[in-house]
Amino acid sequence: MSQKISGVKGMNDILPGEVEIWQFVERTARELFARFGYGEVRTPMVEDTALFVRSVGEETDIVGKEMYTFEDKGGRSLSLRPEGTAPAARAYIEHSVVNQEPLTRWYYLGPMFRYERMKTGRYRQFHQIGAEAYGSREPAQDVELMDMVVQLLQKLGLTEVSLNINSLGDEACRPTYQAKLVEHLRGHAGELCGDCQRRLESNPLRVLDCKVERCQQIAQAAPSILESLCEPCRAHFDEVQRKLTALDIRFQVNPRIMRGLDYYTRTAFEFIAAHPALGTASTVGGGGRYDKLVKGLGGPDVPAVGFGLGLDRLCLLLKESGQKFAAPVDLFVAVADAGSSDVAFSLVSRLRREGLVVEFDTRGGSLKSQMKRADKTGARFALVLGEAERESGQAQLKPMAGGEPISVRLDEVARVVREAPSR
RNA sequence: GCGGCCAUAGCUCAACUGGUUAGAGCGCUGGACUGUGACUCCAGAGGUUACCGGUUCGAUCCCGGUUGGCCGCCCCA
């Protein structure tokens, strides 16, 4: 017996039985996003480390301590992507997409990597579905993306998710606000928790997020960023809300929504699930506008807005919902005597060619054990093939849920099964 | 990165303050029922009690370390 090797911490296997949930979410998202005119972009899982340092921000937790960074044999510093927006923007710039179309809509889907402490709904290899729209600075673009998420959640049957929105201002008004906030917080510096005293210097906006009661009280009394927005940001935010309302999308303005990544400007939003299964990992998706990102990465001055959804978390919620996602088995073919196995095997092959989902036990075995297997697979029908059927060309199609068997000719099986009412 | 809890069969859990062969339910396999699943009954397979070391006549149980998991903080998807 060789040494047992286990998977890497924080990186999970997804086995049949569970993978169907993932496929369902992915399939639903692809169909819906295509309907909105978004095309899939696939970028490598590894990028130049500098891409993330410049876009996500050197001071963020992600870049500061969570990236899987390594040197390749050519001495380049590479990193496993911790998020999807920066690689998409890099590809957008690299292929001069702006010169080919003024408005670009992309989505992506795949694994991301962050070296973090493991928790439910929080893994080191996790999966995101995200979308990006480049070229429009209009509020309608922000709302279109939120609408897309809302519709996706609806199609997935996840109704207990609420949309929170905020505006983070832009380079004109955010510094002003931050100064005002720091001034307010300094007045209560002694009362803040240890973390917040530190945040006062590193990232004062984060204090608004603190869960400590006293800090919350102080944050409550702090000036709101929404009161400090410059006129263009104010107008943008108002229009976003008006359009959401016009689409009948329920939302909540939440001045405490912040972003952990530096590139956000103006609109920020989060989709938060109420379900206890996620614990503190209740945010299933987040996004916002980043008008300076593309230019900041050396591209043209093109505005952008996008979101990322946590696939792992969506799947956890769906698992809790108890829905079944496996493709139903149409038919189980059982062999009654050894002399029939070749005929049965050919029949199975033909039925599969004709589009039926057919189960068959290649090991043979007793008829009883095959029928047990048929029951386990959840097959709608079972068909026993033996000497009598071979000679007559007729067989009994047995509905596993109960009811009278149907007598069919062997060359009619596919048609009869297909026409039978499901379940 | 900080604080707390936990680790026994594929899964969910037992094992009386440290005592002989570590049990049950579910699941899996076979049989009762030799051409028909489910319900019932019977039987079987499956464990280095996560790993390493220590204390002891004796450790699943006590102690230390490692690894993995859970909860809160932080952060986020």
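Just the heavy atoms: all of them, side chains too, but no hydrogens, waters or symmetry mates, feed the values below. Bear in mind that the values here come from a model prediction, so they are computed numbers and not experimental data.
- The nearest pair of heavy atoms linking A:Leu331 to A:Val333 is CD2-CG2, 3.9 Å.
- What you find for A:Ser228 and A:Tyr177 is that their closest heavy atoms are OG-CD1, 3.4 Å.
- Among B:G35, B:A32, B:G30, the nucleotide with an atom closest to any side-chain atom of A:Lys368 is B:A32.
- Distance check, rounded to the nearest 0.5 Å: OH of A:Tyr107 to CG of A:Leu145 gives 14.5 Å.
- Regarding A:Glu270, its CD atom lies at a distance of 7 Å from the P atom of B:A77, rounded to whole Å.
- Atom name C1', nucleotides B:A9 and B:C28: the rounded distance is 12 Å, in whole Å.
- Distance CZ (A:Phe307) to P (B:A77): 13 Å, rounded to an integer number of Å.
- Computed from coordinates, the A:Leu397 CG to B:U36 P distance equals 17 Å when rounded to whole Å.
- With both ends at atom C1', the span from B:G19 to B:C61 equals 11 Å, rounded to whole Å.
- Taking atom CG of residue A:Asn12 and atom P of nucleotide B:G68, one finds them 13 Å apart after rounding to whole Å.
- Going from the C1' atom of B:C74 to that of B:C2 covers 9 Å, rounded to whole Å.
- The shortest non-hydrogen separation linking A:Ser167 to A:Ile225 is O-CG2, 3.5 Å.
- Within the nucleic acid shown, A:Ala388 comes within 4.0 Å of at least one base atom, counting heavy atoms only.
- A salt bridge links A:Arg350 with A:Glu354: at least one charged nitrogen is closer than 4.0 Å to a carboxylate oxygen.
- Evaluation of atom-type donor-acceptor distances gives a pair under 3.5 Å for the side chain of A:Glu389 against the base of B:G35.
- Distance check on atom C1': B:C6 versus B:U49 gives 15 Å, rounded to whole Å.
- Ring geometry for A:His184 versus A:His188: interplanar angle of 30 to 60°, hence tilted.
- Between A:Tyr134 and A:Tyr92, the ring planes lie parallel to each other; the angle is under 30°, not in the 30° to 60° tilted range.
- A heavy-atom distance below 4.0 Å to RNA chain B is reached by these residues of residues 370-379 of chain A, ordered by number: A:Met371, A:Lys372, A:Arg373, A:Asp375, A:Lys376.
- Looking at heavy-atom distances under 4.0 Å, A:Glu83 makes no contact with the nucleic acid at all.
- For RNA chain B, the residues of residues 108-132 of chain A within the heavy-atom distance limit of 4.0 Å (strictly under) are A:Arg114, A:Glu116, A:Arg117, A:Met118, A:Lys119, A:Thr120, A:Gly121, A:Arg122, A:Tyr123, A:Phe126, A:Gln128, sorted by number.
- The CD atom of A:Glu359 sits 10.0 Å away from the OG1 atom of A:Thr362 when rounded to the nearest 0.5 Å.
- Among residue pairs with one or both ends in residues 264-286 of chain A, those qualifying as salt bridge (charged side-chain N to carboxylate O under 4.0 Å, His left out) are A:Asp170-A:Arg266, A:Arg259-A:Glu270; sequence neighbours excluded.
- The P atoms of B:A32 and B:A14 are separated by 38 Å, rounded to the nearest whole Å.
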- request: Whenever both distances are under 3.5 Å in a Watson-Crick or G-U wobble pair, mark it; put RNA chain B into dot-bracket that way, with [ ] for crossing pairs and | when the partner is on another strand.
  value: (((((((..((((.....[...)))).(((((.......))))).....(((((..]....))))))))))))....
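- Atom name C1', nucleotides B:G25 and B:A15: the rounded distance is 15 Å, in whole Å.
- When each of B:G37, B:A77, B:G35 is scored by its nearest atom to the side-chain atoms of A:Met400, the top-ranked nucleotide is B:G37.
- When the C1' atom is used for both B:U20 and B:C41, the distance is 32 Å, rounded to whole Å.
- Across the protein-nucleic acid pair, A:Leu385 atom CG and B:U36 atom P stand 15 Å apart, rounded to whole Å.
- The stretch residues 340-351 of chain A does not touch RNA chain B, since none of its heavy atoms comes less than 4.0 Å from the strand.
- The CG-C1' distance, from A:Asp361 to B:C28, rounds to 14 Å in whole Å.
- Both A:Arg363 and A:Val8 lie near RNA chain B, and the one whose nearest nucleotide falls closer to the 5' end is A:Arg363.
- Between A:Leu229 and A:Cys173, the shortest heavy-atom distance links the atoms CA-SG, 4.0 Å.
- Once rounded to the nearest 0.5 Å, the distance linking CZ of A:Arg114 with CZ of A:Arg124 reads 13.5 Å.
- Separation of the P atoms belonging to B:G4 and B:U8 is 22 Å when rounded to the nearest angstrom.
- Put simply, CG on A:Leu311 and CD1 on A:Ile21 are 11.5 Å apart, with the number rounded to the nearest 0.5 Å.
- Here the OG atom belonging to A:Ser341 is positioned 9.5 Å from the CG atom belonging to A:Leu385, to the nearest 0.5 angstrom.
- In this structure, the CZ atom of A:Phe332 is 13 Å from the P atom of B:G37, given to the nearest Å.
- Across A:Met146 and A:Val240, no two heavy atoms sit closer than the pair CE-CG1, 3.9 Å.
- Along RNA chain B, the nucleotide nearest A:Val284 and the nucleotide nearest A:Lys9 are compared for position; the residue whose nucleotide lies closer to the 5' end is A:Lys9.
- Counting only residues at least two apart or in different chains, salt bridge (charged side-chain N to carboxylate O under 4.0 Å, His left out) contacts with residues 137-154 of chain A comprise A:Arg105-A:Glu144, A:Asp142-A:Arg289.
- Look at CG on A:Leu367: it is 10 Å from P on B:U34, rounded to the nearest Å.
- Expressed to the nearest 0.5 Å, how far OG1 of A:Thr265 lies from OH of A:Tyr290 amounts to 10.0 Å.
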